[in-house]
Amino acid sequence: MVTGESAAAGRWRLAVDATLCIGSGACAGSSAHFRMTQDGHAEPREDVIVADDTARDAAECCPVEAITVSDTSTGELIAPT
């Protein structure tokens, strides 16, 4: 569900740094935009999404900050903060 501030933001780019990811699964558990790979690391289901607070939440809950969410039009980092 897109709500509030994120609805006005447009589209977001999702990225996971596989060299940092420890495979906690917190992101996949908190957002349908992420999944776990066979090797136990997270990856985005899509590189670009309509702004969605669950993607931001997933980046914020990553224990090693391996996930970044940025605005596609400005490049501004949305999460983690």
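All values derive from a computational prediction rather than experimental measurement.
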side-chain contact (heavy atoms from CB on, under 4.5 Å) partners for Thr74, two or more places apart: Asp71, Glu76
Pairs touching residues 29-46 that satisfy salt bridge (Lys or Arg N to Asp or Glu O under 4.0 Å), sequence neighbours left out: Arg35-Glu43
Nearest heavy atoms of Phe34 and Ala58, plus distance in Å: CE1-CB, 3.7 Å
Of all pairs that satisfy side-chain hydrogen bond (donor to acceptor under 3.5 Å, both in side chains), the ones with a partner from residues 20-33, not counting sequence neighbours: Ser31-Thr54, His33-Asp52
For Asp47, side chain to side chain donor-acceptor pair (under 3.5 Å) partners two or more places apart: none
Those residues that, when tested against Cys62, pass side-chain contact (heavy atoms from CB on, under 4.5 Å) (two or more places apart): Val64, Ala66, Ile67
Test side-chain contact (heavy atoms from CB on, under 4.5 Å) applied to Ser70 - qualifying residues, sequence neighbours left out: Arg13
Check against side chain to side chain contact (heavy atoms under 4.5 Å, CB included), Arg11 and Ile49: CA-CA 6 Å; Arg11 299 181 64 77; Ile49 63 166; over 6 Å; no
Over all atoms of both residues, closest heavy-atom pair of Cys21 and Ala42: SG-N, 3.3 Å
Nearest non-hydrogen partners of Trp12 and Ala51, listed with the distance: CE2-CB, 3.5 Å
Nearest heavy-atom neighbours spanning Thr72 and Val48: CG2-CG1, 3.9 Å
Contacts of Asp57 that satisfy side-chain contact (heavy atoms from CB on, under 4.5 Å) - sequence neighbours left out: none
Shortest non-hydrogen separation from Ala59 to Pro80 and the atoms involved: O-CB, 4.1 Å
Nearest heavy atoms of Arg56 and Ile78, plus distance in Å: NH1-CG2, 3.8 Å
